[in-house]
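Proteins get letters first, then strands, A, B, ... in listed order; numbering begins at 1 in each. Since the model is a prediction, treat every value here as computed from it, not as a measurement.
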4 protein chains.
Amino acid sequence: MYNFRTDMADERRDIYKKANNLEGEIPGIQTIEKASDENIKSSIVKILNEEGEKAIGKPIGTYVTIDVRNLRLAGEEELDKASNIISEEIKTIVDEKVNKQDEILIVGLGNQFVTPDSLGPKVVSEIEVTRHLLKYAPECVVPGARAVSAVAPGVLGTTGIETLEIIKGIVDNVKPKLLIVIDSLASKSIERISSTIQISDTGIVPGAGVGNTRKELSQNTLGIPVVAIGVPMVVDLATITDDCLDLFIGKLQDEARSNDYLNNLKNQDNYEEIKSALIPNDYNMIVTPKEVDDLIKNMKDIISKSINYAI
Amino acid sequence: MYNFRTDMADERRDIYKKANNLEGEIPGIQTIEKASDENIKSSIVKILNEEGEKAIGKPIGTYVTIDVRNLRLAGEEELDKASNIISEEIKTIVDEKVNKQDEILIVGLGNQFVTPDSLGPKVVSEIEVTRHLLKYAPECVVPGARAVSAVAPGVLGTTGIETLEIIKGIVDNVKPKLLIVIDSLASKSIERISSTIQISDTGIVPGAGVGNTRKELSQNTLGIPVVAIGVPMVVDLATITDDCLDLFIGKLQDEARSNDYLNNLKNQDNYEEIKSALIPNDYNMIVTPKEVDDLIKNMKDIISKSINYAI
Amino acid sequence: MYNFRTDMADERRDIYKKANNLEGEIPGIQTIEKASDENIKSSIVKILNEEGEKAIGKPIGTYVTIDVRNLRLAGEEELDKASNIISEEIKTIVDEKVNKQDEILIVGLGNQFVTPDSLGPKVVSEIEVTRHLLKYAPECVVPGARAVSAVAPGVLGTTGIETLEIIKGIVDNVKPKLLIVIDSLASKSIERISSTIQISDTGIVPGAGVGNTRKELSQNTLGIPVVAIGVPMVVDLATITDDCLDLFIGKLQDEARSNDYLNNLKNQDNYEEIKSALIPNDYNMIVTPKEVDDLIKNMKDIISKSINYAI
Amino acid sequence: MYNFRTDMADERRDIYKKANNLEGEIPGIQTIEKASDENIKSSIVKILNEEGEKAIGKPIGTYVTIDVRNLRLAGEEELDKASNIISEEIKTIVDEKVNKQDEILIVGLGNQFVTPDSLGPKVVSEIEVTRHLLKYAPECVVPGARAVSAVAPGVLGTTGIETLEIIKGIVDNVKPKLLIVIDSLASKSIERISSTIQISDTGIVPGAGVGNTRKELSQNTLGIPVVAIGVPMVVDLATITDDCLDLFIGKLQDEARSNDYLNNLKNQDNYEEIKSALIPNDYNMIVTPKEVDDLIKNMKDIISKSINYAI
């Protein structure tokens with residue numbers, strides 16, 4: 001399979017189309033664009049069948065992508081607008097899967113002590129949980145409220161336990177009807193860092209965004225529907241060096257006329273020799289804006305508001 | 001049952017003896033004093049049978065108490081010495097329960113965002129977990145190493161889920177042979193705050209120390225032995241006002257000669273009228289040293305070192 | 001002087017009146033009550049002359065006190081209302097002292113790593129500073145904006161430098177026209193912890209609230225007006241034991257008829273013998289609600305919003 | 001001047017030599033290599049006169065560089081060894097400038113809330129300050145101890161005040177004889193992130209490492225000697241793309257034989273067109289290891305130990 005180096009369905013679609021010189025849609029994939037606003041843009045990528053699944057390496061299902069331009073500089077009003085749009089999308093997907101009062105468990109993946117991996121645990125700490133109130137203090141909850149619980153299970157490196165094992169144990173005991181999982185993703189584009197949200201109904205592979213793929217959390221492994229909310233927090237350094245070389249070869253071809261040697265170079269997936277000279281082997285280098293701390297704070301507020309409102 | 005307002009077995013023994021004017025040992029309870037050092041003192045309270053259990057309201061089992069004097073001012077050498085002693089006590093109890101290579105799960109109870117309740121999660125973040133290495137990278141572990149995993153499940157108020165439900169789910173999936181649980185306790189004595197460690201082989205009732213009793217974690221509820229490591233982090237304000245009034249009545253009796261009226265007052269368990277005037281109802285007031293942040297840091301280092309070494 | 005054990009002008013007034021059996025106002029002191037709301041109550045204590053100053057041990061000036069009931073449970077709307085009222089009071093005092101465009105320096109006192117002492121540094125981190133923008137990027141600021149800067153100088157125990165020395169150095173170089181200082185205070189009342197704001201135009205003595213009195217920050221020492229915003233974060237444990245014994249003696253007198261012996265006891269300022277038995281010498285014990293972390297978060301939001309709006 | 005994109009004197013020397021095809025030493029610059037150890041390597045770059053200063057754009061003075069290999073994986077013993085070597089170098093420079101009992105002020109530059117910029121404030125919080133003890137509690141200090149104080153003044157973006165203005169104010173009031181400044185630097189090499197220390201006697205330009213150059217802290221501006229301890233925490237993304245293209249052009253030249261067109265490309269300092277396509281304008285992109293949080297913790301321990309021991 002092509003090495004996509006991104007968890008975003010729309011980026012994978014674009015990469016696949018470019019690599020295969022496709023003009024129209026990929027067979028088995030359908031795209032719907034929505035223009036909400038000058039600053040907020042959303043689109044839906046639907047993977048309809050196995051052909052689409054095989055092309056871009058993501059499971060059959062719906063992937064909603066919402067881009068918020070200039071989130072870093074957004075005022076309170078714009079943050080509210082973004083929350084509302086995201087909230088609607090979450091509500092749509094949740095309402096398709098479960099009834100109004102069905103219990104939901106929110107899971108925040110990632111390591112709270114590593115800034116670009118801390119979004120999940122931070123969102124969880126802002127979720128309004130009600131499950132214990134319904135049981136011990138029902139007078140504190142509006143009648144008909146849904147039971148909501150929330151956990152941040154930590155990461156394999158600090159617990160020694162696969163996230164799936166922990167979550168499976170909790171699901172078996174708590175018996176929610178739906179899981180909402182929040183995680184950090186990898187993107188191809190620096191501009192999307194902490195500015196884009198992908199909502200899907202297909203579950204998630206924890207750690208994919210930060211280079212440590214783990215067992216998937218999905219209906220297959222857990223027996224209940226899993227809605228995934230992912231936000232790109234990092235771009236792999238190798239993505240940048242690849243793009244840099246692609247742009248450069250393109251420039252050489254434009255100016256010095258194409259030649260077979262350069263074409264040949266471009267068809268190699270990556271340029272191991274150069275990258276191994278640049279990137280020390282035992283490090284996991286990431287590219288991130290210096291202001292990532294602020295960006296995460298805004299994104300955490302948006303997502304926790306969206307979820308609290310949607311459910 | 002007498003309202004002990006302490007989780008420490010040795011304090012309950014003393015309170016019971018005083019209340020019942022006992023000179024010798026309580027039937028069903030046995031005490032062994034150990035004088036390790038000028039600054040470190042340890043003792044063992046054994047609850048031998050139901051009679052002892054009923055007297056002080058703690059389950060049958062062994063409770064080791066280690067007091068470290070002036071922990072706040074202790075140098076590196078003294079911290080090491082304390083770690084060694086605690087480590088030996090943990091090792092003794094663990095070795096009684098499981099074999100050298102049996103898998104152990106460490107559980108840090110409490111809310112990491114509330115300083116006096118954060119000891120458990122802080123210790124967990126320093127535990128050397130090996131379970132995932134044995135599975136994915138056995139070359140990184142010394143041969144014969146024990147599988148160790150560690151979780152901080154959060155508290156009912158933020159997850160909506162009983163700690164027992166979360167831990168039961170994890171135990172069922174991970175299948176450790178022993179649990180070591182770290183939690184904050186309540187004590188009667190200000191001097192013991194973050195300076196005393198109680199190690200027991202009887203499990204634990206989460207939240208007992210901070211006024212929110214939950215379902216117990218024990219062999220009864222989890223099916224495997226549970227070693228509990230607890231540290232007093234708070235004294236209930238009601239304890240202080242009670243002690244204050246007891247001392248005062250004692251003083252009045254000494255000076256003005258005893259009289260029935262005062263004796264009668266002293267036999268009332270507490271002085272609800274006075275306390276309700278002092279302590280607002282909907283607050284959970286605690287007494288804590290201003291320097292509790294530093295004390296917790298030292299205690300976290302001692303306990304995590306002790307556990308890492310013991311297992 | 002009477003040992004007031006509180007930094008709140010209104011509490012000192014009440015203590016003085018009670019101790020001297022005064023029915024009306026203390027000479028040299030004037031009080032104005034304002035009832036804003038069911039949940040928010042404010043009052044002004046004016047110390048008019050040296051007689052008033054001597055009576056309650058606070059310098060001549062105006063002390064506005066705002067009590068927010070149930071701040072811990074307050075919703076967003078109530079927090080906004082509290083912010084507006086506090087903001088108006090700050091604006092009134094600031095406008096009396098300086099012109100609309102005069103430069104202001106905000107100073108957050110206290111130790112950010114000790115929860116009940118961290119309010120000042122936390123507020124400072126939310127202040128919208130403009131001084132550097134006016135100099136380097138005037139296009140980012142609305143025309144006519146005031147220059148605002150903000151520092152958290154740390155505490156003597158961690159810097160080794162008196163707060164006054166640091167602030168004096170900065171004032172000499174930055175040359176603001178007014179200082180606004182935020183600090184933690186001590187109160188007599190548990191209910192006021194993180195729920196009451198005292199605003200005064202008289203400067204402040206850093207650390208008074210947590211038992212380490214330092215050199216005052218005031219017009220006398222700095223040469224510019226100093227507005228102080230203080231919030232009670234702790235109650236001294238000795239205050240509680242004193243109150244406990246006073247209530248108890250009162251109860252004994254009511255029930256057993258007064259007698260000289262008890263009256264005599266009550267006239268002793270405190271009960272050293274009892275307290276020294278309860279409170280270990282080398283500890284600085286404080287009484288604080290377990291939820292102090294949440295309370296500080298709400299209070300930080302209120303005060304930073306109030307200041308940002310007022311100036 | 002050449003755009004060095006690094007604060008490290010030894011890297012600038014190498015870049016200058018390569019750019020000018022120099023075999024031997026740059027006139028006005030002298031280098032001394034020291035091989036301490038398999039894992040720790042140190043060297044000294046001396047800028048002797050204005051010719052050297054002009055060549056590499058750093059002021060006349062001594063720059064000691066210490067590289068610790070694999071700091072991330074270092075055990076306690078290796079951390080101690082690194083501390084000792086760094087401590088010796090700091091001691092040598094400090095002893096040249098001031099007498100044994102002369103007062104020293106430690107300044108931690110950077111923003112404690114932005115992980116790769118937080119080294120300075122974190123080191124300051126571990127410094128053993130004595131200045132206040134000498135004044136208020138001389139019995140707590142060994143006789144002959146030096147007065148040490150420490151501040152973390154914050155950054156322009158959060159205080160609104162130039163760091164130089166704050167420090168100048170404090171120096172004028174506190175009157176230390178020497179300043180030791182700790183800051184984050186930029187390097188050309190990913191491997192040096194949080195693994196290399198540069199100690200110089202020439203002062204420092206705050207923020208140079210993270211793209212916001214401010215007024216220098218030096219003997220010129222403060223009137224007392226300024227020892228700077230800097231650690232590379234980030235690599236500018238533009239550095240990586242430049243290196244990537246240089247390596248690629250070199251490869252093309254090797255394989256396809258040199259040609260004037262490529263040579264010409266390589267002489268351009270950078271490749272604005274490509275980079276502007278890769279790097280969004282209003283972001284300050286940095287490259288950092290995912291584990292930067294751990295690396296900073298180790299480095300903070302090393303530097304604070306080194307300073308505490310050296311002075």
Under 4.5 Å to a heavy atom of chain B? For A:Thr159 that would be both

If one checks every heavy atom of B:Gln112 against chain A at 4.5 Å, the contacting part turns out to be side chain

Bottom line for B:Ile167: the part with an atom under 4.5 Å from chain A's heavy atoms is neither

One should read off an interatomic distance between B:Asp172 CG and A:Asp172 CG, to the nearest 0.5 angstrom, of 8.0 Å

Ranked by heavy-atom pairs below 4.5 Å to chain A, first place among B:Val174, B:Ile161, B:Ile106, B:Val148 goes to B:Ile161

Looking only at B:Val171, B:Leu105, B:Leu156, B:Val124, the option with the highest number of non-hydrogen pairs under 4.5 Å against chain A is B:Leu156

So CD of B:Glu162 and OG of A:Ser149: to nearest 0.5 Å the spacing works out to 12.5 Å

Residues at least two apart in sequence or cross-chain that pass side-chain hydrogen bond (donor to acceptor under 3.5 Å, both in side chains) with B:Lys97, listed by chain then number, are none

query = Do A:Ile166 and B:Val151 pass the side chain to side chain contact (heavy atoms under 4.5 Å, CB included) test, and can you show the C-alpha distance, the side-chain angles, and the key distance before you say yes or no?
reply = CA-CA 9 Å; A:Ile166 295 180; B:Val151 293; 4.0 Å; yes

Within residues 127-139 of chain A, the residues sitting under 4.5 Å from chain B by heavy atom, in sequence order, are A:Val129, A:Arg131, A:His132, A:Lys135, A:Tyr136

